[in-house]
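Structure first, then comments.
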Amino acid sequence: MPKAEHWIERLGLEPHPEGGWYRETYRSSGSYDFSGAAPFDGPRAYATSIHYLLERGGRSRLHRIHSDELWYFHAGGPLEVHLFPENGAPSAFTLGTETEQGEVLHAWVPAGSWFGACMPEAEARDGYALVSCVVAPGFDFRDFSFADGAELASRFPTHRQMIERLS
C-alpha cells in the first residue's frame, strides 16, 4: 500500500494554507459572470477540482467558501469532515470504504458552511487520507476565509473540543 509521501510526490502536491497537501487538477475554461452578484465579486469558473491529502495528526482548518464543495474518497484511511452551518445544527460525515461503519465514498459541503477535516483519533488503518474535491462555481481564494474558533465555539458549545481541534 502506498504511503503519503508516494502520493505527495506522484501527484505533485503542495502545502495547502488550511493544512494538508493539494494540487488543482481541473479548472473549466468557461465561467459564470457574477459581476455585482453577492457573494461573488466577479467571474468564477464553472467548476474546479483538486486532489487533497491529509496526514494523521494534521487537520484542514475550519474555513468556508461561497460555493458547494463535493468530496470523493480515493485511498488511505477515513477522513472526518465537520460542518458548522450559518443556520442549523452542526453535522459531520466520514469519507472512507467501510460503508458498514457509516463511511461514505462521496458527500458534499453546502456553500457558506464553516467546515474542517481530520482523521479519526483512534483510526489505525493508514497514516493518510487521499480525496478529491470539486467546487462549483469554481474555487477562488477570494471566496476563502478561516473561522474564528472562539466565536464558533461560543455558537456551538457542545462541539467546542472539535472546533478547537480544527482551529
Side-chain angles (χ1 to χ4, degrees), residues 1-32 40 42-84 91-99 101-147 149 152 162-167:
M1 164 92 43
K3 304 267 187 224
E5 297 79 19
H6 165 84
W7 293 115
I8 292 167
E9 182 179 317
R10 178 84 176 178
L11 299 175
L13 305 180
E14 298 177 359
H16 196 293
E18 74 195 42
W21 300 85
Y22 86 111
R23 190 177 115 245
E24 186 173 272
T25 58
Y26 173 77
R27 179 170 292 275
S28 63
S29 59
S31 63
Y32 297 109
F40 303 102
R44 294 294 183 276
Y46 295 140
T48 56
S49 182
I50 65 169
H51 288 311
Y52 182 74
L53 184 140
L54 193 62
E55 295 174 277
R56 181 181 320 292
R59 66 172 171 7
S60 166
R61 288 177 45 206
L62 287 166
H63 63 286
R64 71 176 169 189
I65 60 175
H66 299 319
S67 301
D68 288 346
E69 184 164 332
L70 308 160
W71 289 64
Y72 299 89
F73 183 81
H74 294 302
L79 184 68
E80 295 177 346
V81 180
H82 296 268
L83 294 80
F84 300 91
S91 62
F93 57 83
T94 302
L95 296 166
T97 59
E98 303 290 332
T99 56
Q101 301 298 319
E103 295 174 7
V104 296
L105 296 174
H106 165 260
W108 68 94
V109 174
S113 294
W114 294 108
F115 67 103
C118 58
M119 296 186 76
E121 289 182 7
E123 186 52 50
R125 266 190 272 168
D126 291 292
Y128 70 93
L130 176 63
V131 300
S132 286
C133 300
V134 175
V135 174
F139 179 81
D140 189 298
F141 272 105
R142 293 176 290 176
D143 304 332
F144 177 94
S145 59
F146 286 113
L152 210 54
M162 183 53 68
I163 290 168
E164 288 174 355
R165 181 176 178 196
L166 295 174
S167 293

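What you are looking at is a predicted structure, and each value in this text was computed from that prediction instead of being measured.
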Fill in: Geometric class of the Tyr32/Tyr46 ring pair [parallel <30°, tilted 30-60°, perpendicular >60°]
perpendicular
Worksheet item: Has the side chain of Thr25 got a donor or acceptor atom that lies under 3.5 Å from a matching backbone atom of Ser49?
Response: yes
Worksheet item: Quick check: does any side chain N or O of Asp68 sit under 3.5 Å from a backbone N or O of Ala111, one acting as donor and the other as acceptor?
Response: yes
Item to complete: Identify the two heavy atoms, one from Arg165 and one from Met119, that lie closest to each other, and give their separation to 0.1 Å.
Response: NH2-O, 2.8 Å
Item to complete: Could you check Leu95 against Val104 for side chain to side chain contact (heavy atoms under 4.5 Å, CB included), going step by step and ending with a plain yes or no?
Response: CA-CA 5 Å; Leu95 296 166; Val104 296; 4.1 Å; yes
Worksheet, complete the sentence: Those residues at least two apart in sequence (or on a different chain) that pass ring pair (Phe, Tyr, Trp, His ring centres under 6.0 Å) with Phe146 are Phe144
Worksheet item: Under 4.5 Å between any side-chain heavy atoms of Leu11 and Trp21, yes or no?
Response: no
Worksheet item: When you measure from the side chain of Arg59 to the backbone N and O of Gly19, does any donor-acceptor pair fall under 3.5 Å?
Response: no
Worksheet entry | Check: Ser113 side chain, Phe115 main-chain N or O, donor-acceptor pair, under 3.5 Å | no
Discussion item. For the OH atom of Tyr128 and the CZ atom of Arg56, what is their distance to the nearest 0.5 Å?
Written reply: 11.5 Å
Worksheet item: About how many Å separate OG1 of Thr48 and OH of Tyr26, when rounded to the nearest 0.5 Å?
Response: 9.0 Å
Discussion item. Measuring only between side-chain heavy atoms, which start at C-beta, is Ser145 closer than 4.5 Å to Arg64?
Written reply: yes
Practice prompt. Could you pull out the closest heavy-atom pair between Gly149 and Ser167, with the gap in Å?
Written response: CA-OG, 3.4 Å
Response to the item:
In short, Leu166 meets Ala117 closest at the heavy-atom pair CD2-O, 3.5 Å
Worksheet item: How many angstroms lie between CD1 in Ile163 and CZ in Phe84, if you round to the nearest 0.5 Å?
Response: 4.0 Å
Enumerate, atom names and distances included, each donor-acceptor pair closer than 3.5 Å involving a side-chain atom of residues 129-140, sequence neighbours excluded.
unit_1: Ser132; atom_1: OG; unit_2: His51; atom_2: ND1; d: 3.2
unit_1: Ser132; atom_1: OG; unit_2: His74; atom_2: NE2; d: 2.7
unit_1: Asp140; atom_1: OD1; unit_2: Arg142; atom_2: N; d: 2.8
unit_1: Asp140; atom_1: OD1; unit_2: Arg142; atom_2: NE; d: 3.0
unit_1: Asp140; atom_1: OD2; unit_2: Arg142; atom_2: NE; d: 3.3
unit_1: Asp140; atom_1: OD2; unit_2: Arg142; atom_2: NH2; d: 2.8

Worksheet entry | All ring pair (Phe, Tyr, Trp, His ring centres under 6.0 Å) counterparts of Phe40, not counting sequence neighbours | Phe34, His66
Fill in: Backbone N/O of Thr97 and side chain of Glu103: donor-acceptor pair under 3.5 Å
yes
Worksheet item: Going from CG on Leu79 to CZ on Phe93, what distance comes out if it is rounded to the nearest 0.5 angstrom?
Response: 8.0 Å
Worksheet item: Would you call the rings of Tyr52 and His16 parallel, tilted or perpendicular, where under 30° means parallel and over 60° means perpendicular?
Response: perpendicular
Response to the item:
Minimal heavy-atom distance between Pro110 and Leu83, with the atoms involved, is CD-CD2, 3.5 Å
Worksheet item: If you measure from CD on Glu55 to CD on Glu5, what distance do you get to the nearest 0.5 Å?
Response: 6.0 Å
Item to complete: Would you please indicate if the ring centroids of Phe73 and His106 are separated by under 6.0 Å?
Response: no
Fill in: From Thr94 atom OG1 to Gln101 atom CD, the distance as rounded to the nearest 0.5 Å
10.5 Å
Worksheet item: Can you name the closest pair of heavy atoms from His63 and Arg61 and give their distance?
Response: ND1-O, 2.6 Å
Worksheet item: How close do Tyr22 and Pro15 get, heavy atom to heavy atom, and via which atoms?
Response: CE2-O, 3.6 Å
